[in-house]
Structure formats: C-alpha cells, structure tokens
Amino acid sequence: MQAVKTTPQGITVMIEVSPKSDQFQITGYNQWRKTLEVKLKSQPTKGKANKELMKEFSQLTGHTTDIVAGHKSRQKTILIHDMDEEEFNKVLGDLNLTFD
C-alpha cells in the first residue's frame with residue numbers, strides 16, 4: 001500500500017478523513033489519492049477530529065501517534081512511532097482489512 005512509508009521514527013500513513021460519521025472506521029484505500037480512508041465521529045472544530053484520529057490509531061496499533069501534516073485538512077499524514085509496515089499491515093489484517 002503506497003499510503004504507508006517507513007521513517008527512522010516509525011511509519012507515516014497518508015489518510016483522508018470524513019468527519020461527523022456514526023462511528024470511527026477505516027473504510028478503504030483510495031488508489032487514486034493513495035490514502036487510507038477513515039471515518040471519524042467528531043466534528044472538525046477545535047481539533048476534536050484530530051484528537052479522535054490520534055487516539056483511535058494509538059489504541060488500534062498500541063503505539064504513540066501524531067499528526068505531522070494536514071492539521072486543518074481532510075488529507076492528513078500521521079506518524080505511528082516505533083512501528084513498521086509489516087506490523088501495521090498485520091493490524092489491518094486482524095481487522096479483516098487488506099489493501100494492495
């Protein structure tokens with residue numbers, strides 16, 4: 001998946017968010033934009049959606065997560081510290097999500 005890149009700190013994941021959904025959910029992979037599509041419950045006001053995104057990915061992966069780009073955009077880049085692509089793909093696989 002081209003949305004994930006390895007860095008010295010961990011991995012970065014390109015994400016496109018859709019706020020104000022019923023629940024947090026990773027819904028797919030956008031081949032054209034090369035982003036992981038994620039639905040968030042929170043509204044994009046006062047950083048609520050960003051906080052939800054970091055919290056959910058931290059819980060999902062068991063690693064600290066930060067937004068490194070796109071704080072005010074639907075297209076964001078998150079950094080998942082101390083994680084590699086193989087481990088991230090396993091987490092997605094455990095959720096029955098596989099994207100090529």
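Position 1 is the first residue of the sequence, and the numbers go up from there. Atom set for the values below is all heavy atoms of this structure, side chains included, hydrogens, waters and symmetry mates excluded.
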Could you state the interatomic distance from NZ (Lys41) to CZ (Phe24), rounded to the nearest 0.5 Å? 11.5 Å
Which value, rounded to the nearest 0.5 Å, describes the distance between Thr6 atom OG1 and Ile11 atom CD1? 7.0 Å
Any sub-3.5 Å donor-acceptor pair from Ser58's side-chain atoms to Thr65's backbone N or O? yes
Between atom NZ of Lys39 and atom OG1 of Thr27, what is the distance when rounded to the nearest 0.5 Å? 6.0 Å
Given side chains that start at C-beta, do those of Ile78 and Ile15 come closer than 4.5 Å, heavy atoms only? yes
Please answer whether the main-chain N or O of Lys5 pairs with a side-chain N or O of Thr7 as donor and acceptor at a distance below 3.5 Å. no
Approximate separation, where rounding is to 0.5 Å, of His81 NE2 and Thr61 OG1: 10.0 Å
Would you call the rings of Phe88 and Phe57 parallel, tilted or perpendicular, where under 30° means parallel and over 60° means perpendicular? parallel
Flag if over 12 foreign heavy atoms under 6.0 Å of CG, Asp94: yes
Is there a side-chain contact (heavy atoms from CB on, under 4.5 Å) between Leu40 and Glu56 once you walk through the steps? CA-CA 9 Å; Leu40 300 172; Glu56 292 290 347; 5.5 Å; no
Tell me, do Lys48 and Pro19 make a side-chain contact under 4.5 Å, heavy atoms counted? no
Stepwise side-chain contact (heavy atoms from CB on, under 4.5 Å) check, Met54 with Ile67: CA-CA 7 Å; Met54 289 186 294; Ile67 297 173; 3.8 Å; yes
When hydrophobic residues are tied together by side-chain contacts of less than 4.5 Å, even through go-betweens, does Leu92 share a cluster with Leu79? no
Between Asp66 (side chain) and Val68 (backbone), is there a donor-acceptor pair under 3.5 Å? no
Worked check of side-chain hydrogen bond (donor to acceptor under 3.5 Å, both in side chains) between Asn50 and Lys72: CA-CA 9 Å; Asn50 288 343; Lys72 295 185 181 219; over 6 Å; no
With the 4.5 Å side-chain cut-off for hydrophobic clustering, are Met14 and Leu60 part of the same group? no
Ion pair check, Arg33 and Glu16, cut-off under 4.0 Å: yes
When Leu36 is tested against each of Val4, Val17, Ile26 for side chain to side chain contact (heavy atoms under 4.5 Å, CB included), which residue passes? Ile26
Check for a donor-acceptor pair, side chain of Ser21 on one end and backbone N or O of Gln23 on the other, with a separation under 3.5 Å. no
Roughly how far, to the nearest 0.5 Å, is the OG1 atom of Thr64 from the CG atom of Asp82? 7.5 Å
State the NZ-NZ distance between Lys51 and Lys46, to the nearest 0.5 angstrom. 10.0 Å
Identify the heavy atoms of Pro44 and Ala49 that sit nearest to each other, and give their distance. CA-CB, 4.0 Å
A side-chain contact here means heavy atoms from C-beta on lying under 4.5 Å apart; do Val38 and Lys76 qualify? no
